[in-house]
Peer 1: 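Input: one structure, supplied below.
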Amino acid sequence: MRAGQKIKEILKTSPTGQLVTVMGWVRTFRNNQFIALNDGSTNNNLQIVVDFAATPEITLKRITTGAALRATGTLIASLGKGQTVELKADTIEIVGDSDPEKYPLQPKKHSLEFLREIAHLRFRTNTFGAVFRLRNSLAFAVHTFFNERGFVYMHTPIITSSDAEGAGEMFRVTNLDITNPPKDSEGQIDYKQDFFGKSTNLTVSGQLEGELAAMAFSDIYTFGPTFRAENSNTARHLAEFWMIEPEMAFCDIHDNMNLAEEMLQYLIAHVLQNNKEDLEFLSNRLEEEEKQKPQNERSELSLLHKLQFCLDNKFERVTYSQAIEILRESNHNKKKKFQYLVDKWGVDLQSEHERYLVEKHFKKPVILIDYPKEIKSFYMRQNEDGKTVAAMDILFPGIGEIVGGSQREERLDKLELRMKEMGIPAEDLSWYLDTRRFGSCPHAGFGLGFERLVLFVTGMTNIRDVIPFPRTPKNCEF
RNA sequence: UCCUUCUUAGCUCAGCUGGUUAGAGCACAUGACUGUUAAUCAUGGGGUCCCUGGUUCGAGCCCAGGAGAGGGAGCCA
């Protein structure tokens, strides 16, 4: 079947009357003469010029929005103004019809909410074409980044029996008959009879297994799906999302921050270089959208400038304690403009506080470190002050927390003590504690929510629009 | 899960103080035109006013319950 060229490549060539075959889907058909054909390789359409006098009427009728077709003809300099080249068609073959009365996509602007309901067709729009080409490009660049630095790509399990990670509510995995599960002598569900002979769940993080591998390969990363059964209904949460989790042996919190910052800048630089067209499209789209907002709500930088800004400026590194001081002394706090006023050390920062730090005070990405141990996980390394742990969160404008990481507690006695304090049974994690028993070493890692990165890079505002088929509470279509 | 706003044609939306036959633009169909750029012009078809119940002579509009969506918050990545 395939013996044609991608439109992206054709648009790059200079037209010399060469014979060309293309396949794609009709975006619009104007004047019974001009087909805007798109094959997903780029947002730019190839204009196919049909000789309507020489084409059977029945064929013309079948050239409708959404129809798949193959066109062969000569590539010439366009006689019209909107494009430089066009294909003067000799033959048009309708590969797949599209009933114009029923096809939901029109050559006009649709709301993102409507397109979300037809997620199976939204790839065919300019916006989602750009978004998912960028998503692809970013995913590829993640692997390139780590591969260039000698990291081993580790596939951590999707199904897990460990439920001590504390990263969130989990989805149970079972093949027991849920209408009539087997019970043990105490009347509890008897998971010994379940598929794995024990209670199992979908993973909420690959970190603990990642640490095991890092204690052999030195530098590893995972990049896979994770699942959280939290009832979170926001534009920044998904029940199924993709996470990138590097883990590095013989590294501390500072190496960790350096890697995270280097990686984010690498990925942004990669798309600025390789996906300029799609970024320009999204940047313009955003500007158009913002014209409808009042002046004071518009963003100061365009999407392209915002991305460039992240490359040109070091991320601001501040400790939790410094952040609390800044917030407490801010006019915003003194004038009681925060819903939650900042008064004492030890409270968790609300997203209004994070936004203030990133968007108002520093006006650039911020790395917050050394959080109070009470508000962080058991595995984070305790600092010498006895109050804080070597945790780091990277906050991005418009997104909030995009990276969460830490130096891990490598000292067995301190780790065991902390687990006891937090009520985490050591016997469940003996395999994890073994890394601290046999050749323990300082190590660190972080988790990057891939969709949050795609949100930031594309300038989209709802996380459901940067994953093909979003899974959220009460929504699992397609 | 909490607060808040919304749900009317395929899409985006209007619909006055509760009043009799629910509108517009786009899309679609038919025709005209034929170098168009979301083509243009003319004509036409198209409605479970989210669902259930209630108030009323009369409900798209008022009341109660439910469902779904958007924005904000919490949990986090």
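Per chain, numbering begins at 1; letters A, B, ... match sequence-line order.
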Peer 1: Under 6.0 Å from the six-membered ring centre of A:F450 and within 45° of its axis: does the NZ or CZ of A:R452 meet both?
Peer 2: no

Peer 1: When you measure from the side-chain N and O atoms of A:R30 to the phosphate of B:A39, is any distance below 4.0 Å, counting only OP1 and OP2?
Peer 2: yes

Peer 1: Side chains of A:F128 and A:D465: does their closest heavy-atom pair fall under 4.5 Å?
Peer 2: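 Yes - at least one pair of side-chain heavy atoms lies under 4.5 Å apart.
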
Peer 1: Can a side-chain donor-acceptor contact be found between A:Y379 and A:Q207 if the only test is distance below 3.5 angstrom?
Peer 2: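 Yes, side-chain donor-acceptor contact under 3.5 Å.
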
Peer 1: Give a yes or no on whether A:L19 atom CG has more than 12 heavy-atom contacts from other residues, nucleotides or ligands under 6.0 Å away.
Peer 2: yes

Peer 1: Under 4.0 Å, counting only non-hydrogen atoms across every strand here, what does A:G447 touch: a base, just sugar-phosphate, or nothing?
Peer 2: sugar-phosphate

Peer 1: If the P atom of B:A14 is compared with that of B:C57, how far apart are they to the nearest Å?
Peer 2: 32 Å

Peer 1: If you look at every strand shown and take non-hydrogen atoms under 4.0 Å, does A:E117 touch a base, only sugar-phosphate, or nothing?
Peer 2: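 Nothing, no nucleic acid heavy atom in range.
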
Peer 1: Between B:C26 and B:A42, how far is it from one P atom to the other, in whole Å?
Peer 2: 10 Å

Peer 1: Starting at atom CD of A:Q83, determine the distance to atom C1' of B:A38, rounded to an integer number of angstrom.
Peer 2: 14 Å

Peer 1: Between C1' on B:C33 and CG on A:N31, what's the gap in Å once rounded to a whole number?
Peer 2: 8 Å

Peer 1: Describe the nucleic acid contact of A:R27 in one word from base, sugar-phosphate, nothing, applying a heavy-atom distance below 4.0 Å.
Peer 2: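 Nothing, no heavy atom under 4.0 Å.
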
Peer 1: Respond yes when some side-chain nitrogen or oxygen of A:Q350 is under 4.0 Å from OP1 or OP2 of B:A73, and no when none is.
Peer 2: no

Peer 1: Separation of A:L264 atom CG from B:A77 atom C1', in whole Å?
Peer 2: 12 Å

Peer 1: Report which part of the nucleic acid A:L79 touches: base, sugar-phosphate, or nothing (heavy-atom distance under 4.0 Å, all strands).
Peer 2: base

Peer 1: Please convert RNA chain B into dot-bracket. A pair counts if it is Watson-Crick or G-U wobble with both distances under 3.5 Å; crossing pairs go in [ ] and bases paired with another strand get |.
Peer 2: (((((((..((((.....[...)))).(((((.......))))).....(((((..]....))))))))))))....

Peer 1: Who pairs with A:N38 by side-chain contact (heavy atoms from CB on, under 4.5 Å), at least two apart in sequence or on another chain?
Peer 2: A:R27, A:N45

Peer 1: Could you pick out which residue, A:K474 or A:G449, lies toward the 5' side of RNA chain B when each is mapped onto its nearest nucleotide?
Peer 2: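 In this pair, the answer is A:K474.
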
Peer 1: What is the separation between atom CH2 on A:W242 and atom C1' on B:A77, rounded to the nearest whole Å?
Peer 2: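 Going from A:W242 (CH2) to B:A77 (C1'), I get 15 Å.
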
Peer 1: Between P on B:A77 and CZ on A:R471, what's the gap in Å once rounded to a whole number?
Peer 2: 22 Å

Peer 1: Within 45 degrees of the axis of the six-membered ring of A:F378 and under 6.0 Å from its centre: does A:R418 put its NZ or CZ there?
Peer 2: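 The answer is no; the distance or angle limit is not met.
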
Peer 1: Does A:E113 reach a base, just sugar-phosphate, or nothing at all? Heavy atoms under 4.0 Å.
Peer 2: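 The residue A:E113 makes sugar-phosphate contact but no base contact.
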
Peer 1: Hey, which sits more toward the 5' end of RNA chain B by its nearest nucleotide, A:T234 or A:L448?
Peer 2: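 Its nucleotide being nearer the 5' end, the pick is A:T234.
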
Peer 1: I want to check something: taking the side chain as every heavy atom from C-beta on, are A:K387 and A:W345 in contact at a cut-off of under 4.5 Å?
Peer 2: yes

Peer 1: Between B:G70 and B:G46, how far apart are the two C1' atoms, rounded to whole Å?
Peer 2: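 Roughly 28 Å separates the two C1' atoms.
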
Peer 1: Mind checking if A:L453 touches a base, just sugar-phosphate, or nothing, with heavy atoms under 4.0 Å?
Peer 2: nothing

Peer 1: State whether A:S205 places a side-chain N or O below 4.0 Å from either non-bridging phosphate oxygen (OP1 or OP2) of B:A77.
Peer 2: no

Peer 1: For A:P104, answer base if it contacts any base atom (sugar-phosphate contacts may also be present), sugar-phosphate if it contacts only those atoms, and nothing otherwise; contact means non-hydrogen atoms under 4.0 Å.
Peer 2: nothing

Peer 1: Heavy atoms under 4.0 Å, any strand shown: does A:F241 hit a base, just sugar-phosphate, or nothing?
Peer 2: base

Peer 1: Provide, to the nearest angstrom, the distance between the CG atom belonging to A:N233 and the P atom belonging to B:C3.
Peer 2: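 Checked: the CG to P distance equals 13 Å.
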
Peer 1: Looking at B:C76, does its base get a donor-acceptor pair with the side chain of A:H237 below 3.5 Å?
Peer 2: yes

Peer 1: Applying the 5.5 Å / 30° rule, does A:F34 stack onto the base of B:G35?
Peer 2: no

Peer 1: Please check the phosphate of B:G74 (OP1 and OP2 only) for any side-chain N or O of A:R236 closer than 4.0 Å.
Peer 2: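 Result: no.
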
Peer 1: Between B:G45 and B:A27, how far apart are the C1' atoms? Round to whole Å, please.
Peer 2: 13 Å

Peer 1: Distance between the P atoms of B:U7 and B:C11, in whole angstroms?
Peer 2: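 14 Å, rounded to whole Å.
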
Peer 1: Compare all side-chain heavy atoms of A:L87 with those of A:Q47 and state whether any distance is below 4.5 angstrom.
Peer 2: no

Peer 1: Please report the distance separating the P of B:A29 from the corresponding atom of B:G23, rounded so that it comes out in whole Å.
Peer 2: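 B:A29 and B:G23 have their P atoms separated by 24 Å.
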
Peer 1: On the nucleotide B:A38, are OP1 or OP2 found under 4.0 Å from the side-chain N or O atoms that A:T28 carries?
Peer 2: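 Result: no.
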
Peer 1: What is the distance, to the nearest angstrom, from the CZ atom on A:F29 to the P atom on B:U34?
Peer 2: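 Interatomic distance, CZ of A:F29 to P of B:U34: 15 Å.
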
Peer 1: If you compare every side-chain N and O of A:S78 against the phosphate oxygens of B:G35 (OP1, OP2), does one of them come in below 4.0 Å?
Peer 2: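 False: A:S78 side-chain N/O out of range (4.0 Å or more) of B:G35 OP1/OP2.
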
Peer 1: Check the distance between B:A38's P and A:K81's NZ and give it to me in whole angstrom.
Peer 2: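 Distance, rounded to whole Å: 14 Å.
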
Peer 1: Please give the distance between the P atoms of B:G15 and B:C50 as a whole number of Å.
Peer 2: 15 Å

Peer 1: Is the base of B:G10 touched by the side chain of A:E101 through a donor-acceptor pair closer than 3.5 angstrom?
Peer 2: no

Peer 1: In the structure I gave you, are the side-chain heavy atoms of A:P15 and A:V85 within less than 4.5 Å of one another anywhere?
Peer 2: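 Contact flag for A:P15/A:V85 side chains = yes.
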
Peer 1: Counting only side-chain nitrogens and oxygens, does A:S232 get under 4.0 Å of the OP1 or OP2 atom of B:G74?
Peer 2: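 For B:G74, neither OP1 nor OP2 has a side-chain N or O of A:S232 closer than 4.0 Å.
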
Peer 1: Mark yes or no for whether A:D393, through its side chain, and A:G404, through its backbone, hold a donor-acceptor pair below 3.5 Å.
Peer 2: no

Peer 1: Say we look at B:C13 and B:G47: how far apart would their C1' atoms be, to the nearest angstrom?
Peer 2: 15 Å

Peer 1: Determine: side-chain N/O of A:N231 to OP1/OP2 of B:U1, distance under 4.0 Å, yes or no.
Peer 2: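 So the side chain of A:N231 is within the cut-off, an N or O lying under 4.0 Å from OP1 or OP2 of B:U1.
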
